[in-house]
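Predicted model, so just to flag it, every value in this text is computed and none were measured.
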Amino acid sequence: MAAFVAVAFGLPAFAAEPTPPGATSCSGCHAAGSAFGPLAGVPAERTEAALAAFRSGERPSTLMGRIAKGFDENQSRAIAQWWAGQEAGK
């Protein structure tokens with residue numbers, strides 16, 4: 001019945017994926033038009049690899065290494081996938 005109502009009235013049939021912890025804080029530096037480049041629409045694999053490189057120290061940084069160390073691999077994957085699903089340019 002709920003699916004019928006959702007389709008009949010143009011409502012989403014399923015709840016949207018929740019935003020993973022930490023994902024929205026990235027927008028302070030990575031919003032559309034930012035000097036550091038936007039994350040919205042970037043393939044998840046690319047963002048996840050960058051976070052891993054920052055976390056390990058392979059990719060030098062002043063701030064991102066400290067931020068990336070605050071997330072484990074699963075959290076980084078969730079953040080990367082969430083950003084990949086966001087509309088680029090927003």
Side-chain angles (χ1 to χ4, degrees):
M1 181 66 171
F4 169 76
V5 171
V7 172
F9 294 99
L11 302 174
F14 302 102
E17 285 288 319
T19 305
T24 57
S25 63
C26 304
S27 63
C29 296
H30 293 283
S34 70
F36 297 105
L39 291 176
V42 173
E45 297 80 16
R46 185 172 145 199
T47 302
E48 192 175 347
L51 286 170
F54 282 126
R55 191 170 38 255
S56 72
E58 175 186 335
R59 188 169 174 179
S61 70
T62 56
L63 182 60
M64 276 305 304
R66 289 181 264 170
I67 292 170
K69 286 178 184 176
F71 302 107
D72 64 25
E73 290 179 24
N74 291 328
Q75 292 167 322
S76 294
R77 183 175 303 114
I79 290 168
Q81 289 173 347
W82 185 83
W83 274 107
Q86 301 308 301
E87 188 177 336
K90 298 287 178 182

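The closest donor-acceptor contact from the side chain of S34 to the backbone of G37 lies under 3.5 Å. Checking side-chain atoms of S76 against main-chain N and O of E48 turns up no donor-acceptor pair under 3.5 Å. Looking at T47, its side chain never comes within 3.5 Å of a backbone N or O of A44 through a donor-acceptor pair. A donor-acceptor pair under 3.5 Å is formed between the side chain of Q75 and the backbone N or O of D72.
Under the 4.5 Å side-chain contact rule for hydrophobic residues, F54 and V42 do not share a cluster.
Taking all atoms of both residues into account, the shortest heavy-atom contact from P20 to A78 is CG-O, 3.5 Å. The nearest pair of heavy atoms linking W82 to A23 is CE3-CB, 3.7 Å. The minimum heavy-atom distance between T24 and S27, with the atom names listed, is O-OG, 2.7 Å.
In this structure, the separation between CZ on R77 and CD on E45 is 10.0 Å, given to the nearest 0.5 Å. Note: I67 CD1 to S61 OG = 8.0 Å, rounded to the nearest 0.5 Å.
When side chains are defined from C-beta on, F71 does not count as touching L51, because their heavy atoms never get closer than 4.5 Å.
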